[in-house]
Amino acid sequence: MTGPAPHREYTDRVAAGTVPCQTCDGCLSAVFPPRVICPSCGGADLRWSESAGLGTVYSASVLSPRDADPYSVVLVDLDERFRMMSTVVDIPARDVRIGMRVRARVERDGPSGPRIVFTAEEGEGRHEPA
Amino acid sequence: MSPRDLRGATAIVGVAESDLGEVGPDRYAIELAAQAAGAALAEAGLTTRDVDGLFCAIAGRGMAPLDVAEYLGIRPRYTDGTMVGGSSFVSHLHHAALAITSGACDVALIVYGSTARSDSGRGRLATGPPELPSYEAAYRPRMPITGYALAAARHMHQFGTTRTQLAEVAVAARRWARLNPKAFARDPLTVEDVLAARMVSSPLTSLDCCLVTDGGGAVVVTSAARAADLPRPPVYLLGAGEAHWHRAISQMPDLTVTAATESSARAYAMAGVGPEDVDMVQLYDAFTINTILFLEDLGFCAKGEGGDFVSGGRIAPGGDLPVNTNGGGLSYCHPGMYGIFPLIEATRQIRGEAGMRQQPGVTIAVAHGNGGQLSSQVTAVLGGRDSL
């Protein structure tokens with residue numbers, strides 16, 4: 001196969017600070033996770049693109065390990081029409097809500113290497129002062 | 001041959017569980033599979049010598065059919081190792097019917113074993129390299145629980161389903177389990193107990209989650225013609241349907257609608273029946289949300305109404321629709337891939353052999369398997385002689 005190996009290309013692009021996805025030249029679908037063939041039309045002309053990093057929380061769960069702080073696991077629908085698993089940071093996990101607007105950033109010091117996390121957009125999810 | 005030609009062409013003629021619960025550190029999954037196989041064949045009046053079609057899946061064993069065939073001394077002429085998680089065995093039943101009706105084999109053995117519970121304490125859990133890169137692992141979901149938790153959260157958000165309604169599912173399962181001497185968890189359970197249990201991955205508490213037990217099971221299938229000469233009343237396969245749309249939960253198109261909508265439609269079409277004709281349902285309840293989703297997707301209530309449907313004891317003993325009369329994966333047995341047990345329980349109920357939990361006049365039962373993370377869905381419609 002020619003062209004960059006999808007997973008390697010993806011991790012390189014995340015490490016460079018972007019939110020990568022692929023776009024199918026045949027049907028214009030956003031494709032994620034990275035592949036060598038489009039799951040919508042079967043086309044092989046996938047080109048790399050970047051999401052603006054804005055999305056909406058589609059679902060959310062809070063995990064509370066016995067020996068660590070609670071954290072959220074979310075599914076985010078990016079505005080470019082693909083979905084990814086991630087976490088919302090910078091607000092308490094219990095405050096993450098389905099429907100919340102979120103913005104991506106790359107967290108570089110994760111235990112498994114760079115990863116894309118999300119923060120709540122202005123006005124979302126913070127407790128209003130009484 | 002059209003799918004309708006499968007209707008009633010094959011029958012389940014023997015079923016059995018292995019020892020269940022916790023079998024101890026010296027036992028292996030294949031031993032439970034073999035124990036169940038021997039018992040199911042004995043019930044059918046057959047032996048391993050009669051088996052010429054082998055269908056099996058064992059977690060962590062990529063060549064499970066080879067392991068099992070060697071162990072049992074079977075030399076199959078037809079082998080199917082389809083591995084679609086917990087739904088594998090319902091899929092095997094469908095494939096066995098196709099193989100038998102096409103002449104590829106005469107006697108099919110579907111078999112499973114697991115020592116998931118005994119393995120957990122002794123570092124014997126199978127771990128290997130990931131098959132593909134994961135785009136989820138970096139976020140530390142606790143799988144499979146978090147996958148189902150995300151579906152439950154979305155169902156609650158979209159339809160107003162409540163944690164109390166989820167808890168009703170666990171309570172109904174436990175009430176059935178209290179009627180089943182083989183069930184692992186038989187202590188009384190209340191909605192309050194479920195709500196107060198440790199939150200594992202919100203909104204699911206530990207009591208919204210299935211058991212982790214050991215256990216195996218086996219199902220013997222043959223042609224309707226041959227079944228008529230065997231000792232137990234045949235339980236006919238009337239319809240079967242399969243569907244899967246995703247593997248990873250983050251790739252599931254709509255977390256509130258499973259591929260069971262398609263698998264059940266295919267099974268009902270083949271069987272020529274609809275949910276209104278079904279006397280009972282045995283479905284794969286790895287988590288409480290499963291029961292709600294599958295009752296909707298199998299057509300027993302409208303989308304979004306599953307929470308209301310399970311409330312007030314409607315699926316518990318004495319309710320309108322008996323669901324998971326063995327106690328289910330939540331309270332009876334869950335060795336990791338539960339899908340063979342709905343077939344076993346549906347068979348026993350249709351035969352009228354389910355003891356204290358036997359329901360009157362069971363002619364048609366649905367057995368539904370789920371695999372992966374709400375991924376693979378396989379539905380079977382089973383019936384007794386009066387259903388033909």
Task: Selection from A:Gly113, A:Ser112, A:Ala60 maximising heavy-atom pairs under 4.5 Å formed with chain B - done: A:Ala60
Open item on the list: What part of A:Tyr58 gets within 4.5 angstrom of chain B, counting heavy atoms only: side chain, backbone, both, or neither?
Closed with: both
Open item on the list: If you count heavy atoms of other groups shown closer than 6.0 angstrom to NE2 of B:His95, is the number above 12?
Closed with: yes
Task: Side chain / backbone / both / neither for B:Arg140 at chain A, heavy atoms under 4.5 Å - done: both
Task: Atom pair OG (A:Ser64) and CZ (B:Arg142), whose distance is rounded to the nearest 0.5 Å - done: 11.0 Å
TODO: Evaluate the side-chain proximity of B:Tyr135 to A:Pro34: yes if any heavy-atom separation is below 4.5 Å, no if none is.
DONE: yes
Task: A:Arg115 side chain reached by B:Tyr139 side chain, heavy atoms, under 4.5 Å - done: yes
TODO: State, to 0.1 Å, how close B:Ile249 and A:Leu75 come at their nearest heavy-atom pair, and which atoms those are.
DONE: O-CD1, 4.2 Å
Task: Distance (rounded to the nearest 0.5 Å) between A:Arg83 CZ and B:Met252 CE - done: 9.5 Å
Task: Over 12 foreign heavy atoms within 6.0 Å of CZ, A:Arg35 - done: yes
Task: B:Ile145, part contacting chain A, at a heavy-atom distance under 4.5 Å - done: neither
- [ ] Give, as side chain, backbone, both or neither, the part of A:Arg8 having an atom under 4.5 angstrom from any heavy atom of chain B.
- [x] neither
TODO: Indicate yes or no: at least one non-hydrogen side-chain atom of B:Gln158 is less than 4.5 angstrom from one of A:Ile98.
DONE: no
- [ ] Give the minimum heavy-atom separation between A:Ser61 and B:Ser202, together with the two atoms involved.
- [x] OG-O, 2.6 Å
Open item on the list: Less than 4.5 Å to any heavy atom of chain B: does that hold for the side chain of A:Tyr71, its backbone, both, or neither?
Closed with: side chain
